There are 2 protein chains.
Amino acid sequence: MRDTAGVDPVPEPPPDTSRAPGGETRCRDCALRPLKLFHEPTGDELALVQSLKRRERRLGPGEALIHEGQTDAPLYTMLQGWAFRYKTLSDGRRQILSFLMAGDFIGVQQKMGDAAAHGVETLTEALFCVFQRDALWELHRRSPMMGFNVTWLTAHEESMVDDTLLSVGRRSAEERIASMLILLFKRAAALQPDAGAGGVDFPLTQQHIADGLGLSLVHTNKTLRKLQRRGLHRIADGRLYLRDVKAMARLADLYGDGRPPGRPLV
Amino acid sequence: MRDTAGVDPVPEPPPDTSRAPGGETRCRDCALRPLKLFHEPTGDELALVQSLKRRERRLGPGEALIHEGQTDAPLYTMLQGWAFRYKTLSDGRRQILSFLMAGDFIGVQQKMGDAAAHGVETLTEALFCVFQRDALWELHRRSPMMGFNVTWLTAHEESMVDDTLLSVGRRSAEERIASMLILLFKRAAALQPDAGAGGVDFPLTQQHIADGLGLSLVHTNKTLRKLQRRGLHRIADGRLYLRDVKAMARLADLYGDGRPPGRPLV
DNA sequence: CGACGTGTTGATCTCTCTCAATTAGAGTGG
DNA sequence: CCACTCTAATTGAGAGAGATCAACACGTCG
């Protein structure tokens, strides 16, 4: 605690390489709208969001959107691609907190002017919507309905972290992997209309899976292999195929849509 | 939805602040107020909260406030005591997601009418404020400022789960315990004006610590013992004393207020 | 007084980690 | 076209942190 307070650990904010001069989409044409992630916004609400939008930012795969400890990160919304939130220990050990996909909010956590408690990095080429710093407050103030939605989304994001915590804390390696694959498959499938049959896009490396589940890379590989050999799933060419969802769900102790089992919980 | 975007929300007629049936405290006298957990609410805001408050609920130690999978849980606020949120697997393995203390919200996660994704149980005798189901929406609608605060609190709660996930996923048993003790100490101390010197109340059993950190009871005991013998802390008679915060923080890889270290994070 | 919950400790056991080495594909430069 | 480099996936072997099993101590309580 000696030398941390005074020194600014924050790396320079990455230069904005991504201002899309002409081609930015307007909120009314946003790719997110057809997905029905939230209630259908009114015209006024769309206009409001549009007015708070500053610009877009496009990143290639493996780039940093927010550095851990960065102090001036704005509020983002994810429009396309995959990313993840993570934290690291000083010796480099990394834990991925959650994966982000189209429609997710980024940066609600940090109080304005505060340091980001986690980093965000892309997995694929990705497109983000950038909002001004006080957008969150403006949104609440001028549209309580949208503010309410943000609260709900934030709570939902937390419940996903809760699920991961349950996995990492109490599930075996096999169970963790089964559970993650199912959950990611569902999310990805929900965003990709033609999903299901032919699998879904799956840009994670085994290292990402390991870091998301608190496992070592080697053990992740061996476990993944085992499940695949057992015919539960298949990962190839950046796609994930679930071949035996039933068995996978049984292994993960996941029921229905992820709720606890209908058993004597009391 | 009439008065959403572009228009400031319409203030409701002044709610009835006088209702405070048998012995219940009114919001204006709430024990939480002196703690400055959020911005100082105006008189109108207090009245609003008061109008949404349904009643209070008092539980003894070890009682369930919300059962896992319960479908009709209302929204709560914690006034006194300790509690925790948890999830279990069907074979009984339990993971404690977070500990709750005065000022914490409970139940924001579940959409109205939805099943609770986690259970909540008390550690001590505890007092809760019970709100009607749609309180969350009413709060947003009638006081954007308080709605904004709820979003912020929800995000903050998530960041605490993030921290735990980092611990459980990537820290050793010693490091996890050190990190938990420091974090709980700080929270408890913040609520207890006379804190610091003589330690703080600490109602967790070793089983709770284990379930919160994804460890077994036995290993938790041994690790706790080791740290205590090393003079880092002491737990006795339901109180926690930190005897060497420096060493404890170093062990936990916690810096300052929990931010990542000022090291080459990139 | 016996039942129970909580804390302790010793003795195995095993799941997962770490270390090492190999293969395969993509990219790069000569 | 080929050597060279890098990243990601694999596999084997040995080591270890933490789990499981078993006992026991102590205080509370009906």
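Each chain gets a letter, A, B and so on, in the order the sequences are listed, and its residues count up from 1. Because the structure is predicted, anything quoted here is derived from the model rather than measured.
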Rounded to whole angstroms, how far apart are [atom1] on [X] and [atom2] on [N]?
X        : N      : atom1 : atom2 : answer
B:Ile209 : C:dG5  : CD1   : P     : 19 Å
B:Arg171 : D:dA17 : CZ    : P     : 18 Å
B:Leu224 : D:dG18 : CG    : P     : 14 Å
B:Leu217 : D:dA23 : CG    : P     : 17 Å
A:His219 : D:dG18 : NE2   : P     : 15 Å
B:Arg234 : C:dG7  : CZ    : P     : 14 Å
A:Leu215 : D:dG18 : CG    : P     : 14 Å
B:Asp237 : D:dG27 : CG    : P     : 12 Å

Quiz item: Do the side chain of B:Lys222 and the base of C:dG7 come within less than 3.5 angstrom through a donor-acceptor pair of N or O atoms?
Solution: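 Donor-acceptor pair under 3.5 Å: no.
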Exercise. For B:Gly214, answer base if it contacts any base atom (sugar-phosphate contacts may also be present), sugar-phosphate if it contacts only those atoms, and nothing otherwise; contact means non-hydrogen atoms under 4.0 Å.
Key: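 Sugar-phosphate only.
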Quiz item: At under 4.0 Å between heavy atoms, what does A:Ser172 touch on the DNA or RNA strands: base, sugar-phosphate, or nothing?
Solution: sugar-phosphate
Closest nucleotide among [options] to the [X] side chain:
X        : options                : result
B:Val218 : D:dG12, C:dT16, C:dT9  : C:dT9
B:Thr205 : C:dG7, C:dC17, D:dA19  : C:dG7
B:Ser216 : D:dA19, D:dG18, D:dT10 : D:dA19

Quick one: is [X] getting a side-chain N or O under 4.0 Å of the [N] phosphate, OP1 or OP2?
X        : N     : result
B:Gln206 : C:dG5 : no
A:Arg225 : D:dA9 : no
A:Gln207 : D:dA9 : no
A:Asn221 : D:dA9 : no

So, [X] and [Y], do they make that salt bridge, N to O below 4.0 Å?
X        : Y        : value
A:Asp237 : A:Arg239 : no
A:Arg85  : A:Glu157 : yes
B:Glu174 : B:Arg230 : yes

Quiz item: Short question: side chain of B:Arg171, backbone of B:Ala252 - any donor-acceptor pair under 3.5 Å?
Solution: yes
Quiz item: Are B:His156 and B:Ser159 linked by a side-chain donor-acceptor pair shorter than 3.5 Å?
Solution: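 B:His156 vs B:Ser159: no donor-acceptor pair found between side chains.
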